[in-house]
Amino acid sequence: ESTMRLHVRVARLGTRFVLLLAEDRTEAHRLDEVRRDFVANISHELKTPIASVSLLAEALDQAADEPEQVRRFAGRLSVEAARLAHITSEVIELSRLQARDALRPDRLVRVDQVIAAAVDQNRIVAGAKQVEVAVRASTKKAEVYGDKALLIVAVHNLIANAIAYSNPGGRVGVGAKVDGDVVEIAVTDQGIGIEADDLERVFERFYRVDQARSRNTGGSGLGLSIVKHTVQNHGGDVRVWSQPGRGSTFMIRLPLAEAAIEPGAGEPEPM
Ligand code: ADP
């Protein structure tokens, strides 16, 4: 992470010994590169909608006495503004996750409630596209330690993608079960799927498979990296299986709270 590694070595110089301290330059350099890429990507992602907004504002000004045009430009203006707002909030969310200041791992969170909330948030979008979202969860009252709002965002992002990359009238399955000391939440679609080469990269920030096609879905390429960071911050992982043209399954695995409880730790504090 952002901690600097320090190398300590004792070397012999003539008849004396000296202590050598050296910062791990390669690690610092790598982090620098990651940061630079991120900033470059954000700038790129923001430039397009910002340019559109100023062009549309100009067009709006020139079309002042044509109400039909005004309405059209105003509509597109608000679409671009919404896109800017969406990207901005995702960037902020991701920065927070990477700074690890968002996680309060002391809270017990019911997995079924996370799933229900995430499904509910996608109901309208699913309805508009006539995609059926079917939930099959057998987690009963299973709990994990974590931040409920963040976990809802993670599951929400997977369901939103499954709907976005489904064909109209398609079906999305949300399943959850307990397996040993972990809980598995799987989101399956029968949509366009992902090629093997892209599959390794979909969790990267700003990575989008087919720019032109993905653009239509209005995404930012940040959704899955938010999922990855959230899940990792909760001590879990996320996997994906996909077949181009057949569909995809994304699975989040989180350690169950019971497994994390140390003897005595679950007892209430005496008042
Ligand atoms: P976006 O905002 O573009 O959806 P994500 O980080 O959520 O960004 O996803 C990255 C890319 O992975 C998407 O642009 C899309 O190409 C691909 N992808 C994600 N989920 C799916 C899915 N369920 N089916 C097919 N492709 C997907």
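Each residue takes its place number in the sequence, starting with 1. In each ligand, atom 1 is the first atom listed, and ligand 1 is the first ligand listed.
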Among T188, V172, T249, V202, closest by heavy atom to atom 12 (O) of ligand 1 is V202
Which option out of D189, L224, L199, I226 puts a heavy atom nearest to atom 9 (O) of ligand 1? L224
Subset of ligand 1 atoms that lie under 4.0 Å from at least one heavy atom of [X]:
| X | value |
| --- | --- |
| G193 | 25 (C) |
| Y207 | 10 (C), 11 (C) |
| S248 | 24 (N) |
| L222 | 6 (O), 8 (O) |

Look only at the side chain of H156 and the backbone of I152, and say whether a donor-acceptor pair between them is shorter than 3.5 Å. no
Can you confirm whether I252 sits close enough to L158 that some side-chain heavy atom of one is under 4.5 Å from a side-chain heavy atom of the other? yes
Answer whether the closest heavy-atom distance between the side chains of E80 and P49 falls below 4.5 Å. yes
At under 4.0 Å between heavy atoms, which part of F203 makes contact with ligand 1: side chain, backbone, both or neither? neither
Give the contacting part of V209 toward ligand 1: side chain, backbone, both or neither, where contact means a heavy-atom distance below 4.0 Å. both
I'd like to know if I194 contacts ligand 1, where contact means a heavy-atom distance under 4.0 Å to any ligand atom. yes
Pairs of nitrogen or oxygen atoms closer than 3.5 Å, one from [X] and one from ligand 1: do any exist?
| X | result |
| --- | --- |
| Y165 | yes |
| I192 | no |
| G221 | yes |

Residue that, paired with L151, satisfies side chain to side chain contact (heavy atoms under 4.5 Å, CB included) out of V231, V114, I115: V114
Decide if atom CZ of R76 counts as having more than 12 heavy atoms of other residues, nucleotides or ligands within a radius under 6.0 Å. no
Take atom CD in Q113; do more than 12 heavy atoms of anything else shown fall under 6.0 Å from it? yes
Tightest non-hydrogen contact, residues A257 and Y145, listed as O-CE1, 3.8 Å
State yes or no: do V135 and V125 share one hydrophobic cluster built from I, L, V, M, F, W and Y residues joined by side-chain heavy-atom distances below 4.5 Å, directly or via other members? yes
